[in-house]
Amino acid sequence: MIENSPLSVGPDRRTFLAGAAAVAGTAATVAVAGAGAPEASAAARYPLPYKSDALRVLVTGDAGTGEKPQFAVTAAARKLHAAREFDVAVGLGDNIYESGPKGPDDHQFQTKFEKPNAGLDFPWLMTLGNHDNTAIFPGDGGWLLRGDAEVKYHSRSRRWYMPSRYYSVSLGVADFFIVDLNPLAAYIPPVFSPEWEPGGHYMTRQARWLDKALASSKAPWKFVCTHHPYANNGPHGPAGDFDGLPAPLNGQAAKDFIERHIAGKAQFLFSGHDHSQQVLENVHGLKGTRQIVSGAAGKTVHKSSSKRFRARYENYQDRGFMTLDITPSTVGLTAYEVPASGAARAAYSTTYRR
C-alpha cells in the first residue's frame, strides 16, 4: 500500500506582559493579515518554481539550533543539491530554538537559518512551530503574536518564505498548504483573547480558507504541512494525546481540525514536532491521507518507537531530512540519516503512485 502503490486521496516578564496585553487589541488585525496578502518581497528573492513535469523538494523540520548537528544536516543536503538541484524546501517548524525570535531583525535568523543553509539557494516554505511562539518557557506556544516576527522576516530574506501564518503555494505538479495549528496545541492555552481559541476567529478563518483552497486545487499532488502531527510514534505522542497531558493541552482540538479539514482532502500530511523521522502506514481517521514526520534536522530523541501506529520506516536515533521527487504520476520519498559520526546515507526510499 506504500511501496509503488496507489494513494487515496523566553522573553523577560515586561516583554511578555506587554505582548499578552497587546493580543486583545490587535489579534484580529494580525489574524486578518496572517491570512491575507504577502508583505513586500525581499530584493532578489529566490523565485518560486512552477514546474508541470517534475519538482524536487528538500524537507526538514525542527532545524533551528544553529549548532553543529544542524550544520551537518545542511552539509549533507548541499552535497545532494550539488549533484541534483532542489527546486524548493519545506521547513516544518521550530525554526528558531529555543524560544523563537525577539523580532524580525533578531540575529538568530542569521545564525540559525541563513548561515546553516548557505548554498541552499532556493525558496524555503516555512511553517510555525511551538518554539517559534514561546511565551514563558521554551516551546510552550503561549505567545502566538511572537510568531508574527517570522512572518515579517519574509520581507528581509531571499530564502525564507512565510508571507503569512498560513498560506498555500502552487508549484504546478504539486500544491503545498502551510497550516498553523499552534493555537490548538499550545501548552499554555490562549487565555488572553478568544481570537485564538479553537472556535475563535483565527481558526475559523483558517478552516474556511483551507477548505476552499484544497477543494479548488487542480494539482496532481496536495501536501499539507503542519508542525504538530496527527499520528506519531515518538515521545510527544499523537494529537489528542500530546505528551500524555489532559485536555485541552493534549492537542485534541488539533486532532479534530485535521479530521475535519485535512483528512481525505490531500494525499500527504507532513509534520515535525517530534525529533524523529517516520513514514507511517494508513492511519485510521486520516481517510487515506499519509502522515509523514520529519523533525530531526536539528535534534533527536534517542528513544524507541511506541509502535502505536504501523510504520514503514522510523528513526529516533539519528538526525536527518527527507527529499521528494514529484512528477504528475509519482512521488518518490527518500529519508536520509545523518549520524553523529560518519557520512549521511539514504536509509529508506519509496514511491507513491496515483
Q | Inter-residue atom distance Y153.OH - Q108.CD, 0.5 Å rounding | A | 11.5 Å
Q. So, does Q291 use its side chain to make a donor-acceptor pair with the main chain of P229 at under 3.5 Å?
A. no
Q: For the pair I326 and K51, evaluate side-chain contact (heavy atoms from CB on, under 4.5 Å) and give the outcome as yes or no after the intermediate values.
A: CA-CA 10 Å; I326 308 171; K51 296 192 173 184; over 6 Å; no
**Q.** Check: T134 main-chain N/O paired with R146 side-chain donor or acceptor under 3.5 Å
**A.** yes
Q: Begin from the C-alpha positions of Y352 and W221 and carry the test ring pair (Phe, Tyr, Trp, His ring centres under 6.0 Å) through to its verdict.
A: CA-CA 11 Å; Y352 302 87; W221 298 99; 7.7 Å; no
Q: Please tell me if the side chains of N282 and R290 come closer than 4.5 Å, counting only heavy atoms from C-beta onward.
A: yes
Q.
So F86 and T323, do their side chains get closer than 4.5 Å, heavy atoms only?
A. yes
Q.
So does G237 get a backbone contact from the side chain of R308, meaning a donor-acceptor N/O pair under 3.5 Å?
A. no
Q) With distance as the sole test, does Q278 use its side chain to make a donor-acceptor pair with the main-chain N or O of V293 at under 3.5 Å? A) no
Q) Taking NZ, NE, NH1 and NH2 as the nitrogens, is one of them in D211 or K265 under 4.0 Å from a carboxylate oxygen of the other? A) yes
Q.
For the CD atom of E337 and the CD atom of Q277, what is their distance to the nearest 0.5 Å?
A. 7.5 Å
Q. Does some side-chain heavy atom of L324 sit less than 4.5 Å from a side-chain heavy atom of F270?
A. yes
**Q.** side-chain contact (heavy atoms from CB on, under 4.5 Å) between R312 and T350, intermediate numbers included
**A.** CA-CA 9 Å; R312 300 292 297 192; T350 190; over 6 Å; no
Q. Does any donor atom in the side chain of E314 or N233 lie under 3.5 Å from an acceptor atom in the other side chain?
A. yes
Q: Over all heavy atoms of both residues, which pair between R158 and A44 is shortest? Give the atoms and the distance, please.
A: NE-O, 2.7 Å
Q. Any donor and acceptor pair, going by atom type alone, linking the side chain of T289 with main-chain N or O of G264 inside 3.5 Å?
A. yes
Q.
Using side-chain contact (heavy atoms from CB on, under 4.5 Å), reason through V88 and Y161 one step at a time and then give a plain yes or no.
A. CA-CA 10 Å; V88 68; Y161 193 91; over 6 Å; no
Q. Out of V90, T60, L92, which residue meets the side-chain contact (heavy atoms from CB on, under 4.5 Å) rule with S294?
A. L92
Q | Donor-acceptor pair, side chain of R56 and main chain of D87, under 3.5 angstrom | A | no
Q. At their closest point, which heavy atom of T204 faces which heavy atom of G199, and how far apart are they?
A. OG1-O, 3.5 Å
Q: Scan for ring pair (Phe, Tyr, Trp, His ring centres under 6.0 Å) pairs involving residues 305-330, sequence neighbours excluded, and state none if there are none.
A: Y313-Y348, F321-Y336
Q. From S170 OG over to L48 CG, what is the distance, rounded to the nearest 0.5 angstrom?
A. 10.0 Å
Q: Please examine the side chains of W209 and S168, heavy atoms only from C-beta on, and report whether any two atoms are closer than 4.5 Å.
A: yes
(Q) Are the side chains of Y230 and I262 in contact, using a 4.5 Å heavy-atom criterion? (A) no
Q: Please test D121 against R159 for side-chain contact (heavy atoms from CB on, under 4.5 Å), starting from the C-alpha separation and ending with a verdict.
A: CA-CA 7 Å; D121 297 334; R159 295 184 187 90; 2.8 Å; yes
Q.
Is there a side-chain contact between H154 and P163 in this structure, where contact means two heavy atoms from C-beta onward sitting under 4.5 Å apart?
A. yes
Q. Any donor-acceptor pair under 3.5 Å linking the side chain of D94 with the backbone of N130?
A. yes
**Q.** Whether D62 side chain and H275 backbone form a donor-acceptor pair below 3.5 Å
**A.** no
Q | Hydrophobic cluster identity match, I136 and L249, side-chain contacts under 4.5 Å | A | yes
Q: Work out which heavy atom in G129 is nearest to a heavy atom in N182; give both atom names and the distance.
A: C-OD1, 3.1 Å
(Q) Nearest 0.5 Å, please: how far is OG in S271 from CG in L181? (A) 8.0 Å
Q. Can you list the steps and then say if D180 with Q206 is a side-chain hydrogen bond (donor to acceptor under 3.5 Å, both in side chains)?
A. CA-CA 8 Å; D180 177 19; Q206 185 172 187; 5.1 Å; no
**Q.** F113, F176, W160 screened by ring pair (Phe, Tyr, Trp, His ring centres under 6.0 Å) with W124, the one that passes
**A.** F113
Q) Is the distance between the ring centroids of F223 and F268 under 6.0 Å? A) yes
(Q) I need the minimum non-hydrogen distance between P138 and E98, along with the two atoms involved. (A) CB-O, 3.5 Å
**Q.** R156 CZ to D105 CG distance, which is reported to the nearest 0.5 Å
**A.** 4.5 Å
Q. Residues two or more places apart in sequence or in another chain: which of them pass salt bridge (Lys or Arg N to Asp or Glu O under 4.0 Å) with D243?
A. none
Q: State the CD1-CG distance between I292 and L280, to the nearest 0.5 angstrom.
A: 6.5 Å
(Q) List the residues meeting side-chain contact (heavy atoms from CB on, under 4.5 Å) with P339, not counting sequence neighbours, and say none if there are none. (A) D318, R345
Q) Is there a path from V331 to Y50 through hydrophobic residues (I, L, V, M, F, W, Y) whose side chains come within less than 4.5 Å of each other? A) no
Q: Share the residues that join Y97 in a hydrophobic cluster, the rule being Ile, Leu, Val, Met, Phe, Trp or Tyr side chains under 4.5 Å apart at the heavy-atom level.
A: none
Q | Exercise: identify the closest heavy-atom pair between K222 and A219 | A | NZ-O, 3.5 Å
Q.
Quick check on the 6.0 Å ring-centre criterion: do Y187 and F242 meet it?
A. no
Q.
Just to verify, what does R260 make a salt bridge (Lys or Arg N to Asp or Glu O under 4.0 Å) with, not counting sequence neighbours?
A. none
Q. Would F109 end up clustered with F71 when hydrophobic side chains under 4.5 Å apart are linked, directly or stepwise?
A. no
(Q) When you compare the side chains of Q252 and N250, does any donor N or O come within less than 3.5 Å of an acceptor on the partner? (A) no
Q. Do you know which two heavy atoms are closest between Y166 and V179, and how far apart they sit?
A. CB-CA, 4.2 Å
**Q.** Any donor-acceptor N/O pair, D274 side chain to H236 backbone, under 3.5 Å
**A.** yes
Q.
Using side-chain heavy atoms (C-beta onward) and a distance below 4.5 Å, is L214 in contact with V224?
A. yes
Q. Side-chain contact, heavy-atom cut-off 4.5 Å: E150 with P101?
A. yes
Q | Donor-acceptor contact below 3.5 Å, side chain D132 vs main chain G147 | A | no
Q | Inter- and intrachain pairs under salt bridge (charged side-chain N to carboxylate O under 4.0 Å, His left out), touching residues 71-84, at least two apart | A | R84-D325
